[in-house]
Amino acid sequence: METELFIGGKWVPASSARRFDVLDPATGDVLASVADGGEADAIAAVDAAAAAGPGWASTPPRVRGEVLRKAFELMTERAAELARLISLENGKALVDAKGEVTYAAEFFRWFAEEAVRIDGNVATAPSGANRILVTRQPVGVCVLVTPWNFPAAMATRKIGPALAAGCTVVLKPASDTPLTALAMAAILTEAGVPEGVVNVLPSRSSGKVVSAMLRDARVRKVSFTGSTEVGRILLAQAAENVVNTSMELGGNAPFVVFADADLDAAIEGAMIAKMRNGGEACTAANRFFVEAGVADEFSRRLAQRMSALVVGPGTDEKTQVGPLVNEDTVAKVDALVQGALAAGASAVTGGTRPDGPGFYYPPTVLTGVAPDAAILREEIFGPVAPIVTFTGDDEAVRLANDTEFGLVAYVYTKDLARGLRVSEAIEAGMVGLNRGLVSDPAAPFGGVKQSGIGREGGHEGLLEYLESKYIAVNW
Ligand code: NAP
């Protein structure tokens, strides 16, 4: 497959000729070497995107939609090979990788349909003096920065609405997982995306190349998915040129189980909310709050299910939990677990890093976790479920909101009124009520507090790439 930069519709080496290695998380061995884009390449990518902008913006919405629809079809046809590629570079189990390809392709289908739903409105000014005509125009050149945990879906969730809106883009993928992004560029080209409309810039100097692009006045938007820490840096840089921002940042999802919940459903939901992607998801349940009467049974049953999972190389069909993406991630997960254990928690299952090659961590359930443990404040990003008990709605809401994050929460109860009351009281952009999975291309995905600004997916996702233009008219 292609391993060069993709700029202006061509595969080109980095101007410095530098390359970097992509590792296989199952072994730590080198999987591929990829061109390492630098600042000059970043500006060349912005040149290409800026040159392609007017042509793409004036391409009929139906045609833009049909290109995206074709990209959906190509991704669907090639789902097996794309899933294998994701699994190879990210480590996730094939079953998760296949799920990601379906989810990722659906963003192209959804935004193919949204491309023809760009509307405006007309109103009469309150004074009666004129009409207020509002139209929508593409924002312009967009810089898209994506993480390694969903290398296909985080890219399509941005490219889909940007292209539907008539914007052109430079995608800077995570350096752990650039291969999937390059495969997406090839698919989009085959689907008919004109040269320069989508550019892909793998780089090991992400900070420098993204800064260089944000300093370029032709760039009008940055859409970022990644950690809150890097999000803060990009918000500050975007302020310089007053660049439009969308920020999908970290999470610290509470998973609240009331004593009246259907425990079978809660366990199923917990397995999805915790273990999809081996726990490497911003939506991953990070803190389990279980009401006192059912906490022992919930912990025992969750530990049983977690310990039965098959851990192994992601590309092995039998594997249910692959390795984590890299050594730093394993070290961070292990430090959080050891910190919780040292402060008095017990590991009902897991809790010990295995010897041998690869970046593996065992599915782990912790009980008796101290309320001030770091594992309850930080994103774990691994297969670890810390459990804390509570009593009553007020305590559940207080514990759930005791975090600077607010991406998603999960609530299990058979009492619908309680479920809705608690869902409203929890400070989060999304709630799974008796459901362990919220992600859906048709729904607005995003967080409040330090989990981000803006929404991706749904109709809101398209609006992020459009500016409203108001024309005062007399007629
Ligand atoms: P990250 O370290 O913030 O990196 C995300 C992206 O930013 C990567 O492409 C990275 O490039 C790049 N980057 C790093 N430093 C940068 C800088 N100074 N300037 C510009 N770009 C920079 O996050 P990650 O570890 O890849 O991903 C995990 C995080 O993403 C978690 O916090 C997770 O919650 C969050 N996430 C959020 C959502 C959501 O929708 N809210 C979805 C998925 C993930 P390099 O790879 O080269 O460092």
Side-chain angles (χ1 to χ4, degrees), residues 20-23 34 36-39 42 89-90 92 100 103-104 107 143-158 170-181 200-215 219 222-238 245-253 276-277 279-286 324-326 328-329 332-333 378-382 403-408 428-430 438-441 443-457 461 464:
F20 66 93
D21 290 338
V22 180
L23 304 185
V34 170
D36 186 0
E39 290 174 68
E89 67 173 349
N90 165 281
K92 69 176 73 177
E100 180 181 348
Y103 177 49
F107 282 106
V143 170
L144 313 177
V145 183
T146 51
W148 47 261
N149 65 337
F150 288 95
M154 296 303 97
T156 60
R157 197 163 79 170
K158 297 183 190 304
V170 181
L171 170 68
K172 206 299 295 165
S175 49
D176 280 321
T177 55
L179 299 172
T180 305
V200 181
L201 187 81
S203 174
R204 264 287 180 209
S205 20
S206 300
K208 283 190 184 151
V209 300
V210 175
S211 293
M213 291 192 279
L214 292 185
R215 281 195 305 270
V219 170
V222 56
S223 176
F224 172 73
T225 298
S227 61
T228 297
E229 193 188 349
V230 174
R232 283 190 198 104
I233 297 173
L234 296 185
L235 280 167
Q237 292 179 359
T245 59
S246 296
M247 294 279 143
E248 295 288 350
L249 310 178
N252 183 4
R276 187 166 74 112
N277 243 23
E280 291 177 308
C282 53
T283 49
N286 213 56
L324 300 183
V325 71
N326 56 30
D328 287 355
T329 305
K332 182 189 165 192
V333 172
E378 292 184 29
E379 237 183 339
I380 304 169
F381 245 61
T403 169
E404 77 241 35
F405 297 106
L407 188 62
V408 60
M430 303 173 286
V438 296
S439 305
D440 187 324
F445 185 107
V448 299
K449 293 160 81 177
Q450 296 192 32
S451 286
I453 299 170
R455 295 292 180 267
E456 292 191 315
E464 300 272 324

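Just the heavy atoms: all of them, side chains too, but no hydrogens, waters or symmetry mates, feed the values below. Whatever order the structure lists ligands and atoms in, that order sets their numbers, starting from 1.
On a distance-only criterion, Asp176 and ligand 1 share no N/O pair closer than 3.5 Å. For ligand 1, the polar-atom distance check against Arg157 finds a nitrogen or oxygen pair separated by under 3.5 Å. Of the polar atoms of Leu249, at least one N or O is found under 3.5 Å from an N or O of ligand 1, judged by distance alone. Considering backbone and side-chain atoms alike, Lys172 places an N or O below 3.5 Å from some N or O of ligand 1. Checking only distances, Ser451 never comes within under 3.5 Å of ligand 1, N or O to N or O. For a threshold of 3.5 Å applied to N or O pairs, the pair formed by Thr228 and ligand 1 contains no separation below that value.
Less than 4.0 angstrom separates some heavy atom of Leu407 from each of these atoms of ligand 1: 41 (N). Short contacts between ligand 1 and Asn149, defined as distances under 4.0 Å to a heavy atom of the residue, involve ligand atoms 43 (C), 44 (C). With ligand atoms numbered from 1 in the order given, ligand 1 contributes 6 (C), 8 (C), 9 (O) to contacts under 4.0 Å with heavy atoms of Thr146. For ligand 1, the atoms lying closer than 4.0 Å to a non-hydrogen atom of Ser206 are 11 (O), 13 (N), 20 (C), 22 (C), 45 (P), 47 (O). Distances below 4.0 Å separate heavy atoms of Pro173 from the following atoms of ligand 1: 9 (O).
The single protein non-hydrogen atom nearest to atom 18 (N) of ligand 1 is Gly207 CA, 3.7 Å, given as residue, atom name and distance. When only non-hydrogen protein atoms are considered, atom 16 (C) of ligand 1 lies nearest to Val230 CG1, 3.5 Å. Counting only heavy atoms of the protein, atom 32 (O) of ligand 1 lies nearest to Glu379 OE1, 2.7 Å. In terms of protein heavy-atom proximity, atom 23 (O) of ligand 1 is closest to Ser227 N, 3.4 Å. Among all protein heavy atoms, the one lying closest to atom 35 (C) of ligand 1 is Gly226 O, 3.2 Å.
Neither the backbone nor the side chain of Arg204 comes within contact range of ligand 1; no heavy atom lies under 4.0 Å. Within the 4.0 Å heavy-atom criterion, both parts of Thr225, backbone and side chain, lie near ligand 1. The part of Met154 lying near ligand 1 is the side chain, judged by heavy-atom distances below 4.0 Å.
Side-chain contact check for Ser227 versus Phe381: every heavy-atom pair is 4.5 Å or farther apart. Residues Glu379 and Phe405 fail the side-chain proximity criterion, which asks for heavy atoms closer than 4.5 Å. Put simply, the side chain of Phe224 does not reach to within 4.5 Å of the side chain of Val210, judged on heavy atoms.
In this structure, CD on Glu378 lies 5.5 Å from NZ on Lys332, to the nearest 0.5 angstrom. With values rounded to the nearest 0.5 angstrom, Ser451 atom OG is found 8.0 Å from Asn252 atom CG.
Geometrically, Lys92 engages Phe150 in a cation-pi contact defined by less than 6.0 Å to the ring centre and at most 45° from the axis.
For Asn326 and Asp176, the side-chain atoms include at least one donor-acceptor pair closer than 3.5 Å. In this model, no donor atom of one side chain and acceptor atom of the other lie less than 3.5 Å apart for Thr228 and Gln450. Side-chain N/O atoms of Thr180 and Glu89 include a donor and acceptor closer than 3.5 Å. Side chain to side chain, Lys172 and Ser206 meet the donor-acceptor criterion of an N or O pair below 3.5 Å.
A donor-acceptor pair under 3.5 Å is absent between the side-chain atoms of Arg204 and the main chain of Gly38, judged by distance alone. In this structure a side-chain-to-backbone donor-acceptor pair under 3.5 Å is present from Glu100 to Ala152. Distance alone, capped at 3.5 Å, places no donor-acceptor pair between the Gln237 side chain and the Leu214 backbone.
Of the options Thr283, Val325, Val145, Leu234, the smallest heavy-atom separation from atom 20 (C) of ligand 1 is shown by Leu234. Nearest to atom 27 (O) of ligand 1 by heavy-atom distance, out of Cys282, Ser175, Pro147, is Pro147. For atom 7 (O) of ligand 1, the nearest non-hydrogen atom from the set Phe150, Phe445, Trp148, Phe224 belongs to Phe224.
Distance check for atom 4 (O) of ligand 1: every protein heavy atom is found at 4.0 Å or beyond.
A side chain to side chain contact (heavy atoms under 4.5 Å, CB included) with Lys158 holds for exactly one of Thr146, Leu171, Val143; it is Thr146.
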